Asker: 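Starting off with a structure, shown below.
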Protein chains: 2
Amino acid sequence: MTINPRSHTPVYVQLAELVRARIESGDLPVGSPLPSEARLGQEYGIGRDAVRMAIALLRSEGVVSTSKGHGSWVREQHERAKVELTSGSSAIVRMPSSRERREMDLDEGVPVIEIRNPKGEVTVLPGDQTELIRP
Amino acid sequence: MTINPRSHTPVYVQLAELVRARIESGDLPVGSPLPSEARLGQEYGIGRDAVRMAIALLRSEGVVSTSKGHGSWVREQHERAKVELTSGSSAIVRMPSSRERREMDLDEGVPVIEIRNPKGEVTVLPGDQTELIRP
DNA sequence: CCGCATTTGTACGTATGTATG
DNA sequence: TCATACATACGTACAAATGCG
């Protein structure tokens with residue numbers, strides 16, 4: 001599979017699809033490192049911008065994680081703690097602010113769950129580690 | 001307020017904070033257009049990269065929306081439909097795939113709620129238009 | 001309806017900073 | 001110490017969507 005620079009589909013989207021396919025096929029299992037940006041760019045003959053945008057796209061979907069100086073890897077799904085939505089409570093979901101993401105140590109592409117109990121007290125939970133249940 | 005290129009805080013984060021402050025102060029009310037990328041770059045004496053990254057950051061938090069050829073504007077919060085989490089059901093949250101985002105017409109920075117009922121049937125709801133409740 | 005200015009999107013380049021191992 | 005890899009930030013150019021005259 002190659003990339004067509006003249007396609008109506010942007011180069012970076014094409015690359016993201018290729019990498020996604022490699023992940024779903026098992027070629028890149030959970031936890032495994034992605035090729036470096038430089039390597040992907042060379043392999044597919046595309047610029048660094050396109051490579052970085054492709055990885056950013058996958059990161060925004062919670063598919064991969066990246067850290068500086070280390071690289072990107074296929075993100076493993078956390079075990080989800082079961083949290084009961086108690087009577088009279090409500091929950092909304094949203095993306096965290098930069099500050100919340102830092103303080104709660106959330107990866108990119110991870111939403112938060114905001115639970116409000118009948119007293120009006122609010123709890124914010126990491127969206128990738130939580131399952132809301134009603135027994 | 002100005003931007004310090006030699007700060008340990010990246011230029012684009014500084015700009016995002018400035019724009020966020022203008023929004024929260026009411027200077028940029030809901031629905032109002034942000035200055036164009038070119039204008040922001042000129043005003044603060046920074047490159048287009050930094051401007052685009054700042055706006056992308058706010059977009060990823062669901063604060064603003066952008067459309068090609070038009071510009072960015074302060075995103076209005078949707079009215080949230082109250083959805084009851086029925087007995088025996090559970091809910092998880094995650095970011096949508098590109099395809100889901102397209103098909104459900106979701107803005108960037110909007111998660112989805114996946115509800116599974118006791119029969120195992122799954123419903124996917126837009127995270128910015130839904131409030132889960134338990135009466 | 002057409003053309004034009006504006007605006008964002010994509011894609012390339014370079015350079016330098018910083019974290020990792 | 002050093003090579004590697006990503007992060008930030010500047011530049012350029014052209015494509016594509018929008019809206020207005």
Side-chain angles (χ1 to χ4, degrees), chain A residues 2-19 28 31-60 62-75 98 101-102 105-109, chain B residues 2-19 28 31-60 63-75 98 101-102 105 107-109:
Chain A
T2 59
I3 284 178
N4 174 14
R6 264 168 299 286
S7 164
H8 60 283
T9 304
V11 168
Y12 79 94
V13 175
Q14 293 182 56
L15 176 57
E17 289 312 312
L18 289 177
V19 174
L28 290 171
S32 68
L34 268 60
S36 73
E37 292 177 355
R39 185 130 175 66
L40 284 172
Q42 288 161 2
E43 277 186 15
Y44 293 101
I46 61 182
R48 199 178 166 213
D49 248 32
V51 174
R52 284 181 61 76
M53 289 176 73
I55 294 177
L57 184 59
L58 296 173
R59 204 166 43 224
S60 76
V63 175
V64 304
S65 281
T66 303
S67 85
K68 186 195 288 194
H70 184 67
S72 298
W73 62 93
V74 182
R75 196 160 164 272
S98 311
R101 208 169 64 216
R102 205 169 45 244
D105 194 32
L106 300 171
D107 284 339
E108 260 188 76
Chain B
T2 60
I3 284 177
N4 173 14
R6 263 168 297 288
S7 163
H8 60 281
T9 304
V11 168
Y12 79 93
V13 175
Q14 294 182 57
L15 176 57
E17 289 310 313
L18 288 176
V19 174
L28 291 171
S32 67
L34 267 61
S36 72
E37 293 176 355
R39 187 130 173 65
L40 285 172
Q42 288 161 1
E43 278 186 13
Y44 293 101
I46 61 181
R48 199 186 169 201
D49 249 30
V51 174
R52 285 182 60 76
M53 288 176 75
I55 294 176
L57 183 59
L58 296 173
R59 203 166 45 226
S60 76
V63 175
V64 305
S65 280
T66 304
S67 88
K68 184 196 288 196
H70 183 65
S72 299
W73 62 93
V74 182
R75 196 160 163 271
S98 309
R101 210 170 64 216
R102 206 170 43 244
D105 194 32
D107 285 338
E108 258 186 78

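Chain letters run A, B, ... following the sequence lines, proteins first, then strands; residues in each count from 1. Worth knowing before you read on, the calculation uses all heavy atoms, side chains too, and leaves out hydrogens, waters and symmetry mates. The shown structure was predicted, so the numbers you read here are calculated from the model rather than taken from an experiment.
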Asker: Using whole Å, what does the distance between atom P of nucleotide C:dT16 and atom NE2 of B:His8 come to?
Answerer: 23 Å
Asker: Roughly how many Å is it from CG in A:Leu57 to C1' in C:dG9, rounded to a whole number?
Answerer: 14 Å
Asker: Looking at every strand, decide which applies to B:Gly69 at a 4.0 Å heavy-atom threshold: base, sugar-phosphate, or nothing.
Answerer: base
Asker: Is any side-chain heavy atom of A:Arg101 less than 4.5 Å from a side-chain heavy atom of A:Glu108?
Answerer: yes
Asker: Check the distance between C:dT14's C1' and A:Arg52's CZ and give it to me in whole angstrom.
Answerer: 14 Å
Asker: Could you tell me how far apart A:Ile46 (CD1) and C:dT10 (P) are, to the nearest whole angstrom?
Answerer: 13 Å
Asker: Within less than 4.0 Å of OP1 or OP2 of C:dG21, is there a side-chain N or O belonging to A:His70?
Answerer: yes
Asker: Say you draw a straight line from CG of A:Leu58 to CD of A:Glu17; how long is it, rounded to the nearest 0.5 Å?
Answerer: 8.0 Å
Asker: Find the distance B:Met53:CE to C:dT10:P and express it as a whole number of Å.
Answerer: 15 Å
Asker: Toward the 5' end of DNA chain C, which comes first, A:Lys68 or B:Thr66, by nearest nucleotide?
Answerer: B:Thr66
Asker: Which whole-number value in Å describes the distance from A:Asp49 CG to D:dT8 C1'?
Answerer: 12 Å
Asker: Could you tell me the separation between the CZ atom of A:Arg39 and the C1' atom of D:dC6, rounded to a whole number of Å?
Answerer: 17 Å
Asker: Roughly how far apart are B:Ile46 CD1 and B:Leu15 CG, rounded to 0.5 Å?
Answerer: 4.5 Å
Asker: Does D:dC10 have OP1 or OP2 sitting under 4.0 Å from an N or O in the side chain of B:Arg48?
Answerer: no
Asker: Please tell me which of the listed nucleotides, C:dT10, D:dA5, D:dA7, lies nearest to the side chain of A:Arg59?
Answerer: D:dA7
Asker: Tell me which of A:Ser67 and B:Ala38 sits closer to the 5' end of DNA chain C, going by the nucleotide each one is nearest to.
Answerer: B:Ala38
Asker: To the nearest 0.5 Å, how far apart are CZ in B:Arg52 and CG in B:Leu40?
Answerer: 12.0 Å
Asker: To the nearest 0.5 Å, what is the distance between OH on B:Tyr12 and CD on B:Gln14?
Answerer: 11.5 Å
Asker: Can you check the B:Leu40 CG to D:dC10 P distance for me, whole Å?
Answerer: 13 Å
